[in-house]
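Single-structure report; data block below.
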Amino acid sequence: MPRHHPHTTPADAAEAEAVQLRLRRRVRLDDSGPAPGAPGTVVGVDVAYDDGRGIVAAAAVALDAVTLAVVEEATAVGRVTFPYVPGLLAFRELPAVLDALDRLRHTPGLVVCDGYGIAHPRRFGLASHLGVLTGLPAIGVAKNPFVFRHEPPAPHRGAHTPLLDGTEEVGRALRTRDGVKPVFVSPGHRTTCASACAHTLHLTGAYRLPETTRRADRLCREALRAA
DNA sequence: GCGACAG
DNA sequence: ATCTTGTCGC
């Protein structure tokens with residue numbers, strides 16, 4: 001049975017924003033998480049929707065942090081409980097994602113989310129929210145820019161430019177493939193911009209998106225079709 | 001007031 | 001996110 005999640009299923013947008021303002025103080029931006037490439041497991045999470053049926057499917061895929069081989073997969077299906085509102089994505093995705101994570105037997109060394117961490121209107125995007133609720137190190141790797149402007153990075157893999165909140169760097173536009181549109185990386189919890197980018201580079205090579213995200217994306221779509 | 005707007 | 005064919009390029 002679905003548990004009562006006061007921190008993930010508010011009644012409306014105003015309540016959701018209040019939750020973010022309350023929880024964001026728990027975000028920690030340090031390097032207490034694993035170093036990129038260090039032994040352990042890195043977990044990718046993603047979600048797919050079927051608007052017609054009003055259901056959502058989430059996937060959590062654990063990869064060996066060194067070899068990037070898949071070591072475990074878990075999924076969860078449920079009903080959609082919150083609409084998509086820019087800035088409140090976590091309230092739509094987290095319930096199913098947390099269920100999928102709960103079904104994983106491996107303890108994630110790092111969780112890679114689709115979306116943002118602290119590069120968010122209230123400095124509390126999906127990756128930060130997930131990190132704070134689980135206590136796990138988490139980063140956000142988004143496919144599109146959100147609230148912060150950026151200069152285009154140099155064309156080679158590894159080039160990056162900052163996403164600035166005033167003078168503070170809250171994320172980076174990072175090129176993961178030569179000549180290909182960059183991804184937008186930001187720390188979620190227990191990591192930094194530099195580490196989040198190093199992790200992202202470690203998880204990419206042949207494709208623009210991290211292997212974690214690609215596997216989770218494929219798996220949640222399968223789970224949705226099978227539901 | 002008018003757009004822009006992670007997934 | 002999701003709806004969707006062909007097409008340009010390595």
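A note on names: the letters A, B, ... follow the listed sequences, proteins ahead of strands, and every chain is numbered from 1. Since we're looking at a predicted model, the values are computed, not measured.
Proximity of a side-chain donor or acceptor of A:Thr134 to a complementary backbone N or O of A:Leu130 within less than 3.5 Å is detected. Side-chain N or O atoms of A:Arg214 include none that pairs as donor or acceptor with a backbone N or O of A:Leu209 at under 3.5 Å. Looking at A:Glu93, its side chain never comes within 3.5 Å of a backbone N or O of A:Asp114 through a donor-acceptor pair. Within the 3.5 Å criterion, the main-chain N or O of A:His150 finds no donor-acceptor partner in the side chain of A:Thr161.
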*How does DNA chain C read in dot-bracket, base by base from 5' to 3', with Watson-Crick or G-U pairs under 3.5 Å and | used when the partner is on another strand?*
..........
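Within the 4.5 Å cutoff, side-chain heavy atoms of A:Leu23 are placed close to those of A:Leu133. You'll find the side chain of A:Val43 stays beyond 4.5 Å of the side chain of A:Glu72, heavy atoms only. A 4.5 Å side-chain heavy-atom check between A:Phe124 and A:Val132 finds at least one atom pair inside the cut-off. No side-chain heavy atom of A:Val42 sits less than 4.5 Å from a side-chain heavy atom of A:His199.
By the side chain to side chain contact (heavy atoms under 4.5 Å, CB included) test, A:Pro152 is found to be paired with no residue, residues two or more places apart in sequence or in another chain being considered. Every side chain to side chain contact (heavy atoms under 4.5 Å, CB included) that A:Arg123 has, sequence neighbours left out, goes to A:Ile118, A:Asp165, A:Glu168, A:Val170.
Pairing analysis of DNA chain B (Watson-Crick: purine N1 to pyrimidine N3 plus N6-O4 or O6-N4; G-U wobble: N1-O2 and O6-N3; both under 3.5 Å) yields no stem of 3 or more pairs.
Note on A:Arg149: nothing from the nucleic acid sits closer than 4.0 angstrom, heavy atoms only.
Using a 4.0 Å cutoff to heavy atoms of chain A, the contacted part of DNA chain C runs 5' to 3' from C:dA1 to C:dT2.
The aromatic rings of A:Phe82 and A:Phe91 lie tilted to each other, with the angle between the two planes from 30° to 60°.
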*asked:* Strictly under 4.0 angstrom, non-hydrogen atoms only: write out the protein contact profile of nucleotides 1-7 of chain B, one letter per nucleotide from the 5' end, B, S or -.
replied: ----BBB
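Taking both residues in full, the closest heavy atoms of A:Glu73 and A:Leu104 are given as C-CD1, 4.1 Å, listed atom of the first, atom of the second, then distance.
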